[in-house]
Amino acid sequence: MDLGLKNKVAFVAASSDGLGKSVAIELAREGAIVIICGRDKEKLEHAKQEVQKAGSGKVLALAGDLSNQEDVANLIDTSLKEFQAIDILITNTGGPPTGKFEELDEHAWDAAYQQLLVSTTRLIRGFLPGMKTRPWGRIISITSQAVKQPVNNLILSNSVRASVVGLMKTLASELGEYNITVNNVMPGFTNTSRLKNLIANNPSFSSAVKEIPLGRFGEPNEFAAAVTFLASERASYITGVSLAVDGGWIKNII
Ligand SMILES: NC(=O)c1ccc[n+]([C@@H]2O[C@H](COP(=O)([O-])OP(=O)(O)OC[C@H]3O[C@@H](n4cnc5c(N)ncnc54)[C@H](OP(=O)(O)O)[C@@H]3O)[C@@H](O)[C@H]2O)c1
């Protein structure tokens, strides 16, 4: 199947490692021009080389903290100076701290809100005008299986990510007339540094594998394949969905 991604411009947030990097690699492999970002410049440079190797298109690597308003504005300005508009926006960021309600103070809630919801709205606000002029666009948010079934000891993720899904579903209605689709992809337990850290801090996370029908944690490239399809021309009639890539972990019927 030709995904129709050749020369599309994609901004993949938080993509110097993990799920974001895997998505950037897969999009590059399909011929897209990719902008990646992350805070650590050395890690970002390594990722740039990996993404470049996967495809033949240009790769732009921009350092910045997605929780910082000025940094996000710079990421958007630099991308638009280089490409005028982008076609595909993948919103993503690092995961919030673990913990139960009484272990987390007001500051932790505010930081999670900035990290997960506000960074998403800033990226969309910055890139939307360009998509509307095309008019064509794909906005995909990387959230978590936690938005359908809360994960123990992750109250910040379980709570704040639900607001991101509300945002995405509403935008799917608002932006359909511009030929912009808006979807949400929910990773399950996937082998990245984030999962390794969760298990190191709380070994009970490793037993989650027993609750996964496919009997194993996912691999980042399995997640990236689903995101890449939704970002493609072939997914032109899919909008407003939340797609789980979780090996069957979520127990809802639909
Ligand atoms: N892996 C899983 O099992 C799983 C399951 C459900 C949900 N998720 C969620 O999916 C998202 C991605 O997870 P992952 O497993 O890919 O995490 P990861 O392996 O820790 O990678 C996170 C990436 O985001 C970048 N990043 C983190 N904070 C950032 C910030 N403030 N500004 C810019 N870049 C930032 C990191 O680079 P720098 O640190 O250099 O900035 C790195 O490139 C997270 O929100 C995570 O909670 C993951």
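Just so you know, ligand 1 is whichever comes first in the structure, and atom 1 is the first atom listed for that ligand.
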**Item:** atom 44 (C) of ligand 1 [closest protein heavy-atom partner, distance rounded to 0.1 Å]
**Value:** T93 O, 3.0 Å
**Request:** Could you list the atoms of ligand 1 found under 4.0 angstrom from a heavy atom of L66?
**Result:** 30 (C), 31 (N), 32 (N), 33 (C), 34 (N)
**Prompt:** Should you measure from each heavy atom of G64, which atoms of ligand 1 turn up under 4.0 Å away?
**Reply:** 32 (N), 33 (C)
**Request:** Starting from atom 28 (N) of ligand 1, locate the nearest protein heavy atom and write down its residue, its atom name and how far away it is, to 0.1 Å.
**Result:** R39 NH2, 3.2 Å
**Message:** Side chains of S204 and N152: any donor to acceptor distance under 3.5 Å?
**Reply:** no
**Asked** Between Q145 and ligand 1, does any nitrogen or oxygen pair lie at a separation below 3.5 Å?
**Response** no
**Item:** Single-linkage hydrophobic cluster L80~I90, side-chain heavy atoms < 4.5 angstrom
**Value:** no
**Request:** Indicate, with yes or no, if L60 and L123 share a hydrophobic cluster defined by side-chain heavy-atom contacts under 4.5 Å among Ile, Leu, Val, Met, Phe, Trp and Tyr.
**Result:** yes
**Request:** Check each heavy atom of E42 against ligand 1 and say whether those closer than 4.0 Å belong to the side chain, the backbone, both or neither.
**Result:** neither
**Complete:** re atom 48 (C) of ligand 1, the protein heavy-atom contact at minimum distance is L19 CD1, 3.9 Å
**Prompt:** Under 4.0 Å from any heavy atom of T192, which atoms of ligand 1 are there?
**Reply:** 1 (N), 14 (P), 15 (O), 19 (O)
**Residue S193 vicinity, atoms of ligand 1 by number, heavy atom under 4.0 Å** = 19 (O)
**Request:** May I ask you to list the atoms of ligand 1 that are less than 4.0 angstrom from any heavy atom of G18?
**Result:** 16 (O), 19 (O)
**For N191, the option from K196, R216, E219 that meets side chain to side chain donor-acceptor pair (under 3.5 Å)** = E219
**Request:** Please determine if S144 has a nitrogen or oxygen closer than 3.5 Å to a nitrogen or oxygen of ligand 1.
**Result:** no
**Request:** Between K41, K43, R161, K196, flag the one that comes closest to atom 47 (O) of ligand 1 by a heavy atom.
**Result:** R161
**Prompt:** In this structure, are over 12 heavy atoms from other groups packed under 6.0 Å from Y113 atom OH?
**Reply:** no
**Prompt:** Which atoms of ligand 1 are found less than 4.0 Å from any heavy atom of D65?
**Reply:** 30 (C), 31 (N), 32 (N)
**Request:** Run the numbers for me: atoms of ligand 1, each under 4.0 Å from some heavy atom of N92, listed by number.
**Result:** 11 (C), 12 (C)
**Complete:** Of all protein heavy atoms, the one nearest atom 4 (C) of ligand 1 is G188 O, 3.9 Å
**Message:** Heavy atoms only, cut-off 4.0 Å: how does R194 contact ligand 1, side chain, backbone, both, or neither?
**Reply:** both
**Request:** Decide yes or no for L62 and N74: does some side-chain heavy atom of the first lie under 4.5 Å from some side-chain heavy atom of the second?
**Result:** no
**Request:** Taking atom 6 (C) of ligand 1 as the reference point, report whether a protein heavy atom occurs under 4.0 Å from it.
**Result:** yes
**Reported NZ-to-CG distance for the pair K148 and D246, which is rounded to 0.5 angstrom** = 9.5 Å
**Item:** Location of contacts on T143 toward ligand 1, heavy atoms closer than 4.0 Å
**Value:** backbone
**Prompt:** Relative to the ring of F189, is the ring of W249 parallel (under 30°), tilted (30 to 60°) or perpendicular (over 60°)?
**Reply:** perpendicular
**Fill in**
Quick note on ligand 1: atoms under 4.0 Å from a heavy atom of D40 include exactly 40 (O)
